[in-house]
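All heavy atoms count here, side chains included; hydrogens, waters and symmetry mates do not. Every chain is numbered from 1 and lettered A, B, ... according to where its sequence line falls, protein lines coming before strand lines. Bear in mind the structure is a predicted one, so any value in this text is a computation, not a measurement.
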Amino acid sequence: DSGVTQTPKHLITATGQRVTLRCSPRSGDLSVYWYQQSLDQGLQFLIQYYNGEERAKGNILERFSAQQFPDLHSELNLSSLELGDSALYFCASSVAPRDGQETQYFGPGTRLLVL
Amino acid sequence: QKEVEQDPGPLSVPEGAIVSLNCTYSNSAFQYFMWYRQYSRKGPELLMYTYSSGNKEDGRFTAQVDKSSKYISLFIRDSQPSDSATYLCAMSADRGSTLGRLYFGRGTQLTVWP
């Protein structure tokens, strides 16, 4: 168990709908990362938040948005869903330790199926 | 061309074999190199972490980085059926106050049969 929790574990929805994925980082971790894993693209970075502020953006569609709240949990909102959005969505968290070696710890993922 | 290339396999070996997994990359700015293991329907878990070039050993696992060739490897000695998983290489260029985004290979699916 990495200490990162994600809810829900599974989500089945229809095209055009909107869903919200939730992530709680490990205690003390200030950074939250969102990744999408699909069979054809592998693990792709979407977005990073650090202590409530957006830090970096990757291949995130305009239909997707995220935020990190004061208690450091994060939500990823996916709207106008398309069949191609079906994938595993992972959240990871990290903290920069004093010795300089940083680790991203991944949650168990949310499996999204768009029908 | 993807920034990180990894042969997806699948790779099937008998128990006790030495396994070699590899990735190549194109971005010379990458400084931090990692190997993650992902069991079916689970999140990736960190196996090895290496900064810049060189070797790192941890039990049955050895990670090698050759920045001049833009090539990284993971060796698994005395492989066990419990090593059956997908192995993902990952790398990053950022440092600052956090590691920054990771660039992943597609993953190599490994099966170790008894």
List the residues meeting salt bridge (charged side-chain N to carboxylate O under 4.0 Å, His left out) with B:Arg60, not counting sequence neighbours, and say none if there are none.
B:Asp83
Sort by residue number and list every residue of residues 105-115 of chain A having at least one heavy atom under 4.5 Å from chain B.
A:Phe106, A:Gly107, A:Pro108, A:Arg111
A:Leu30, part contacting chain B, at a heavy-atom distance under 4.5 Å:
neither
Using the salt bridge (Lys or Arg N to Asp or Glu O under 4.0 Å) rule, collect all pairs that involve residues 82-92 of chain A, keeping only residues at least two apart or in two chains.
A:Arg63-A:Glu82, A:Arg63-A:Asp85
Answer with side chain, backbone, both or neither: which region of B:Gln38 has an atom nearer than 4.5 Å to a non-hydrogen atom of chain A?
side chain
CD of A:Gln104 to CZ of B:Arg101: how many Å apart, nearest 0.5 Å?
10.5 Å
Select one option (side chain, backbone, both, neither) describing which atoms of B:Tyr36 are under 4.5 Å from chain A's heavy atoms.
side chain
If you compare all heavy atoms of A:Tyr35 against all heavy atoms of B:Leu102, which two are closest, and at what distance to 0.1 Å?
OH-N, 3.2 Å
Rounding to 0.5 Å, atoms OH (B:Tyr103) and CD (A:Gln44) come to a distance of 10.5 Å
Can you tell me which portion of A:Gln6 sits under 4.5 Å from chain B's heavy atoms? Options are side chain, backbone, both or neither.
neither
By number, which residues in residues 14-22 of chain A have some heavy atom less than 4.5 Å away from chain B?
none
Separation between CG of A:Asp1 and CD of B:Glu45, rounded to the nearest 0.5 Å
11.0 Å
